[in-house]
2 protein chains.
Amino acid sequence: MARSPRAVDVPLVLDDSPAPLRHRVADAVVGALRTGRLRPGDTLPSTRSLAAALGVSRGPVVAAYDELAAAGFLRSRAGSGAVVAPGADTAARAGAATHVPETGRVRPPSPEPVPAAPRLDLRPGRPDTSLLDRAAWRRAWRAVGDALPGNDAGEVPRHTHLRRVLADHLRRGRGVVVDPDDLFVVPGVGASLRALPEAFGLVGASVALEDPGYVEAWTAFAAEGVRTHPVPVDADGLDPALLPDGARAVYVTPSHQYPLGARMPVTRRVALLEWARDTGGLVLEDDYDGEFRYDVSPLPALRSLPGAEDHVVYVGTASKLLAPSLRVAWVAAPAHLRDALRVTLESRGLVVNEATGLALAELVTSGALAAHHARASRTYAARRGALVTAVAEHLPGATLEGVDAGLHVVLRLPDDVDDHEVADRCHAAGVAVSPLSAYAVRTSVRGLVLCYAGLPETAADDAVRRLARALAP
Amino acid sequence: MARSPRAVDVPLVLDDSPAPLRHRVADAVVGALRTGRLRPGDTLPSTRSLAAALGVSRGPVVAAYDELAAAGFLRSRAGSGAVVAPGADTAARAGAATHVPETGRVRPPSPEPVPAAPRLDLRPGRPDTSLLDRAAWRRAWRAVGDALPGNDAGEVPRHTHLRRVLADHLRRGRGVVVDPDDLFVVPGVGASLRALPEAFGLVGASVALEDPGYVEAWTAFAAEGVRTHPVPVDADGLDPALLPDGARAVYVTPSHQYPLGARMPVTRRVALLEWARDTGGLVLEDDYDGEFRYDVSPLPALRSLPGAEDHVVYVGTASKLLAPSLRVAWVAAPAHLRDALRVTLESRGLVVNEATGLALAELVTSGALAAHHARASRTYAARRGALVTAVAEHLPGATLEGVDAGLHVVLRLPDDVDDHEVADRCHAAGVAVSPLSAYAVRTSVRGLVLCYAGLPETAADDAVRRLARALAP
């Protein structure tokens, strides 16, 4: 991501104020100056990279940079990006802003029409939680209400029962054999990835990541001082032969490459494991939606290969399987890294509370999770089928990738198309989608990422008609 | 804490294996070497400091250091602490250990009698969760089960309703007026303190802390690169006149100094606020058990003073009020620091999931929290009374401190007593207590910290008789 040695990779998060997007982007930069995460002389990411990282279109980011330059926070140097101006941090701390902040909750009448929220949301990461068996969900939380809560402030919840049943679930569903003692219940994948560099001694080390890939992983590792190296992916996912010399770890999504959707063939899996054995490197396997596959033979997790247990850190999540709002994921660590991971997770507060662990354990033990998975798989398969059919009809000649597994597909676009602009047009046409280039670091890819998990079969035709209109030249 | 420039402040956490404590301490050091958090040439903390930080007695730590030195991981230099030996990191990574690790779950028959778990646990941080109204607790989680969980993986739970009702609760109970937009729901105090230095630009800056004080705060700030400065406390808590020059922030527990129990008088509160105004410093107010007070007039939070809203970061928790296992706390930030705090909390995953937020909101809205607080206050007042009476009877001449508020008292011991040893004797006599010196950094204090929250009135006499026996010379 960072091309010059002084370019910075500050995680900027937009606030949820009703202010215009360009103001919120500018505010985020000023906020980073105020807290010292950005300093004079730092080079900001390109507008394209920042837009991608924030998941917004590029226009407001360009406007925000203009606003920041006009207010004296940035100096734009042609050809080398925007540089933070001397004194910008002091100005920010003194309360300077690029615009008059909105006070109170009364908003002035806006002359511009606010674009309507899209009718259909196809952005990835959104399973259909309405498919849950409401009775089973109720029973799970009733179990929490029936238990007297623990009273020891010094105690970290051990989730002994949950780890045992999760280990069994992983063995049956993903072929992963793990000692419950090596399994950690963590509050979601994105944030927990931040603990891995410290726990595994990767701070300052080189770690390879898929390009295009999971932006949150890039951000998490960069924030922890990891030197990130993009490795391009092809139709078979990441090619181990392309791993850079000196890489100490590699982050991969072999079950359904994020976002392109490739399933890594077993030859590459074995080669990746050989790389780990030969170099002592660590494979970080993110199995984010590995539970869902269609019309293809099961391909167990990379971690299930013989000998993988010493070299592969397996990460799974309840986000797709149940609901992202649970914020529960799990990490299976090699036994020799277990203690280090525990220390880091606990000291960073990356633990799941007792109540959430109890509810999840109840869902697994009662069989509700397995039943939900079977039911949701059938529904998602039908929705995927309806989307694929509609694309074939309304977008003849279009190529869909990643259809074999997971909950989303990728519609490729020609290299000269601005897919952020296309995504904006789709949004205006009532369908929210993610531009593929938002996931790219160095590779040039264009397309739309379409998650069908929440798209009813009856709505697929309407959705793709709208996409086709937005894509029409 | 660090006295020489090379001394390190590595947060070591013990695993929960059944191995002897000295092995677990040694394992924690070897684990830190393995992950690079400790390096050759680093000076380890003194055995006393480490024992204090881990909340264990000093004997096992001394034994662990001996074990580590014998195995070649440490070189002990007389008078200057133990230094990590060259090559120790490589040895650790190669799997070297100081002892034969226990394999499997079968433990060899032990010739030594295992000390029985104490009958009565008076260590602080343990409210009596059995006082909860079980019906209200069930209703709270039923509300979670009745709601369809959110499905957006990219969305951080906003807890809009909870923040509104919490703001109202803080206004009524603690006099704290806060805009719900400036209130953050976080997963517990200890870990969330780690986010404050980055959010508030305190990394590398000087922050003053109470001595004796909350060890987790020291550890959290040190882990984030803060230069921590101990300030001794007296019967009125921290004296603002003793704040070191150049301090950019101060961490205080004005409602019930942790652990000594002083209530900071209003003159010092105003002086602290003046210090903040004059120097631009930040006051971090931890109101960890401010809801409980007895026979004394209410003293609202420091944050409730006029003008404090721009200078005081208020931290409260549900740990004492409800249950520590909920892992829910809240932070009220000055408005100009709100965005910075949000960015840091979110990027570190320090957020509470939707379900936990819903349950807590239900407990506040239904009035169950207020009813529980009233009921628990009466019970705790009676338990406090019984303990104070029993101490007067069986330990004549003993001084108890911190009796006006909170859930624990301090029994002072003479300066020449080893209170870790006394605590071990109490433990052997069936009563678990915490040695006061475990909370000290530079000051020399000796005593026992006794939490009466879980001590029934009928058991107070027995508990204090046991303490008296352990204290007898």
Side-chain angles (χ1 to χ4, degrees), chain A residues 11-13 15-16 27-28 31 34-36 55 95 125-130 132 137-138 140-142 144-146 148-154 157-158 187-188 190-192 194 198-201 223 319 323-327 336 339-340 342-343 346-350 353-356 359 454, chain B residues 11-13 15-16 27-28 31 34-36 55 95 125-130 137-138 140-142 144-146 148-154 157-158 187-188 190-192 194 198-201 203 223 319 323-327 336 339-340 342-343 346-350 353-356 359 454:
Chain A
L12 295 173
V13 174
D15 68 18
D16 55 10
D27 283 349
R34 204 173 280 138
T35 58
R126 287 162 178 78
D128 188 349
T129 51
S130 75
L132 286 166
W137 183 252
R138 273 195 202 95
W141 293 103
R142 198 176 306 148
V144 176
D146 286 345
L148 192 67
N151 80 327
D152 184 348
R158 291 206 196 111
S192 302
R194 280 198 60 167
E198 179 187 299
F200 301 151
S319 279
S325 59
L326 261 189
R327 298 185 78 88
H336 68 282
D339 293 341
R342 177 188 292 113
V343 169
E346 290 182 5
S347 81
R348 293 175 175 228
L350 291 170
N353 70 4
E354 182 183 75
T356 307
Chain B
L12 295 174
V13 174
D15 67 20
D16 54 11
D27 285 349
R34 203 173 280 138
T35 59
R126 286 162 179 78
D128 188 349
T129 51
S130 76
W137 183 251
R138 274 196 201 93
W141 294 103
R142 197 178 304 148
V144 177
D146 286 344
L148 191 67
N151 80 327
D152 185 347
R158 291 207 195 109
S192 303
R194 280 199 59 167
E198 179 188 298
F200 301 151
V203 175
S319 279
S325 60
L326 260 188
R327 296 185 78 86
H336 68 284
D339 293 342
R342 177 187 292 113
V343 170
E346 291 182 5
S347 81
R348 293 176 174 227
L350 291 170
N353 70 5
E354 182 184 75
T356 307

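Only a predicted model underlies this, so the values are computations on that prediction, with no experimental measurement involved. The chains referred to below are lettered A, B, ... by the order of the sequence lines, with proteins before strands, and numbering in each begins at 1.
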Practice task
Locate the shortest heavy-atom distance separating A:Ala355 from B:Trp141; write the atom from each residue and the value.
Solution key: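 Closest approach of A:Ala355 to B:Trp141, heavy atoms only: CB-CH2, 3.4 Å.
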Exercise for the section: Below 4.5 Å from any heavy atom of chain B, which atoms of A:Ser319 appear? Answer side chain, backbone, both or neither. Expected result: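 Neither the backbone nor the side chain of A:Ser319 comes within 4.5 Å of chain B.
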Practice task
Examine whether an atom of A:Leu148 lies under 4.5 Å from a heavy atom of chain B, and if so say whether it belongs to the side chain, the backbone or both; otherwise answer neither.
Solution key: both
Problem - Any donor-acceptor pair under 3.5 Å from A:Asn151 side chain to B:Asp128 backbone - result: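 Side chain of A:Asn151 to backbone of B:Asp128: no pair is present.
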Handout entry: Heavy-atom donor-acceptor pair, B:Ser325 side chain to A:Pro149 backbone, under 3.5 Å
Key =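 Not a single qualifying donor-acceptor pair exists.
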Practice task
Could you have a look at B:Gly454, B:Ser130, B:Gly349, B:Gly150 and say which one has the most heavy-atom pairs with chain A under 4.5 angstrom?
Solution key: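 Max contact count across the listed options: B:Gly150.
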Practice task
Any chance you could measure B:Asp27, atom CG, to A:Asp339, atom CG, to the nearest 0.5 Å?
Solution key: 6.5 Å
Problem - chain B contacts, top residue of A:Arg348, A:Glu354, A:Arg126, A:Arg142 (heavy-atom pairs, under 4.5 Å) - result: A:Arg126
